[in-house]
Asker: 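I'd like to ask you about the structure that follows.
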Amino acid sequence: QVDVTAMARLFGYVDVTDSGFIAAVFSIAFNPLFWNVVARWEHKTRALSRVFGSPHAACYCLGAVILMLNCVRSHCFTEAMKSQPKMEGLDCHWAYYLGLAILAVGTLFVISSFLALGFTGTFLGDYFGILMEAKVTHFPFSVLDNPMYWGSTAVYLGWSLM
């Protein structure tokens, strides 16, 4: 037997029928699916590299599309958070500042990952045949295996708490 009281309590704070919530869930799921499918397709066919005339131009174009999709995802997430019920226990200064601290740490990991990898390293350059000279092992990769993913997760968690 499964005790579903915790899930029932959670659904008291989440309106899954809200169109903003549905849009946020869709954009959160769609983005990585899209960029992975496109990157794998490029790796197999080199079609984008041919269309754009070079792997670098194609990678920069895909990176720009990914950035735009991330802006849409962030907007959808923000709108969903505005329309969802709020937990009374989190409507206080300590929750806000905890969220701000988590957001700051997440931002540190995301930005430092980007700076360590560069644009093509961040935006799937390896699928375009653009390889780095050596594996990046300094901060933040010396602290976490996947600092960009953990950082992004922390950003959204901090944002949620705030």
Side-chain angles (χ1 to χ4, degrees), residues 2-39 59-128 130 132-162:
V2 177
D3 182 16
V4 294
T5 55
M7 253 340 226
R9 202 168 348 146
L10 175 66
F11 280 121
Y13 292 105
V14 179
D15 180 7
V16 295
T17 62
D18 177 53
S19 61
F21 178 81
I22 294 167
V25 169
F26 176 77
S27 66
I28 289 166
F30 175 78
N31 286 10
L33 177 67
F34 168 79
W35 73 61
N36 278 294
V37 167
V38 171
C59 183
Y60 279 103
C61 183
L62 178 60
V65 170
I66 291 170
L67 286 170
M68 286 188 283
L69 286 171
N70 287 343
C71 288
V72 170
R73 177 186 63 193
S74 294
H75 173 74
C76 290
F77 181 84
T78 301
E79 293 304 309
M81 292 303 296
K82 287 180 188 175
S83 66
Q84 290 296 308
K86 301 194 179 17
M87 293 181 77
E88 292 175 19
L90 293 178
D91 193 18
C92 58
H93 291 299
W94 70 264
Y96 177 83
Y97 290 117
L98 176 63
L100 189 61
I102 293 170
L103 186 137
V105 169
T107 302
L108 172 70
F109 280 122
V110 169
I111 291 173
S112 60
S113 297
F114 179 80
L115 293 174
L117 294 172
F119 193 91
T120 57
T122 299
F123 293 106
L124 308 166
D126 51 338
Y127 287 92
F128 292 84
I130 306 166
M132 300 191 74
E133 305 239 346
K135 182 178 178 179
V136 179
T137 57
H138 59 279
F139 185 82
F141 294 91
S142 61
V143 178
L144 294 169
D145 284 337
N146 299 297
M148 185 74 74
Y149 294 128
W150 285 109
S152 294
T153 302
V155 165
Y156 284 102
L157 174 61
W159 205 345
S160 298
L161 287 172
M162 291 172 61

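Position 1 is the first residue of the sequence; numbering continues from there.
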Asker: Quick one: closest heavy-atom pair of G125 and C59, and the distance?
Answerer: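 Answer, listing the atom of G125 first, then C59: CA-SG, 3.7 Å.
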Asker: Please give me the minimum heavy-atom distance between Q84 and D15, naming the atom from each residue.
Answerer: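 Nearest heavy atoms, Q84 then D15: OE1-N, 2.6 Å.
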Asker: Donor-acceptor pairs are to be reported for all side-chain atoms of residues 117-124 against protein atoms at under 3.5 Å, with residues two or more places apart or in another chain.
Answerer:
unit_1, atom_1, unit_2, atom_2, d
T122, OG1, G118, O, 2.8

Asker: Compile the donor-acceptor pairs under 3.5 Å between side chains in residues 21-30 and protein atoms, sequence neighbours left out, one pair per line.
Answerer:
unit_1, atom_1, unit_2, atom_2, d
S27, OG, A23, O, 3.3
S27, OG, A24, O, 3.0

Asker: Would you please name every residue forming a ring pair (Phe, Tyr, Trp, His ring centres under 6.0 Å) with F109, sequence neighbours left out?
Answerer: F139
Asker: Can you measure from CG (L157) to CE (M162) and round to the nearest 0.5 angstrom?
Answerer: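 Going from CG on L157 over to CE on M162, the span is 11.5 Å.
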Asker: Holding to ring pair (Phe, Tyr, Trp, His ring centres under 6.0 Å), I want the full list of residues that pass it with F141, two or more places apart in sequence or in another chain.
Answerer: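 F141: no ring pair (Phe, Tyr, Trp, His ring centres under 6.0 Å) contacts found.
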Asker: Looking at every non-hydrogen atom in both residues, tell me the closest pair between Y156 and S74 and how far apart they are.
Answerer: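 Looking at all heavy atoms of both residues, the closest pair is OH-OG, 2.8 Å.
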Asker: Run the side-chain donor-acceptor check on residues 89-104: report pairs under 3.5 Å with partners two or more places apart or on a different chain.
Answerer:
none

Asker: Using the salt bridge (Lys or Arg N to Asp or Glu O under 4.0 Å) rule, collect all pairs that involve residues 59-81, keeping only residues at least two apart or in two chains.
Answerer: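 Checked against salt bridge (Lys or Arg N to Asp or Glu O under 4.0 Å) - neighbours excluded - the pairs reaching residues 59-81 are E79-K82.
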Asker: Can you name the side-chain hydrogen bond (donor to acceptor under 3.5 Å, both in side chains) partners of T5, sequence neighbours left out?
Answerer: D3
Asker: Partners of N31 by side-chain hydrogen bond (donor to acceptor under 3.5 Å, both in side chains), sequence neighbours excluded?
Answerer: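 Listed in chain order: N70.
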Asker: Looking at residues at least two apart in the chain, or sitting in another chain, which of them share a side-chain contact (heavy atoms from CB on, under 4.5 Å) with V65?
Answerer: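 Here the qualifying residues are F34, M68, L69.
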Asker: Can you list everything that forms a ring pair (Phe, Tyr, Trp, His ring centres under 6.0 Å) with W35? Sequence neighbours excluded, please.
Answerer: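 Residues passing ring pair (Phe, Tyr, Trp, His ring centres under 6.0 Å) with W35: none at all.
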Asker: Can you name the side-chain contact (heavy atoms from CB on, under 4.5 Å) partners of S83, sequence neighbours left out?
Answerer: D18
Asker: Kindly compute the distance separating CH2 (W150) from OG (S113), expressed to the nearest 0.5 Å.
Answerer: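 Atom-to-atom, W150:CH2 and S113:OG are 13.0 Å apart.
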Asker: Name all residues meeting the ring pair (Phe, Tyr, Trp, His ring centres under 6.0 Å) criterion together with Y149; count only those two or more places apart in sequence or in a different chain, and write none if there are none.
Answerer: none
Asker: Of the non-hydrogen atoms in M81 and K86, which two are nearest, and what is the gap between them?
Answerer: O-NZ, 3.6 Å
Asker: Using the side-chain contact (heavy atoms from CB on, under 4.5 Å) rule, take L62 and Y127 through it: C-alpha gap first, then chi angles, then the decisive distance, then the call.
Answerer: CA-CA 11 Å; L62 178 60; Y127 287 92; over 6 Å; no
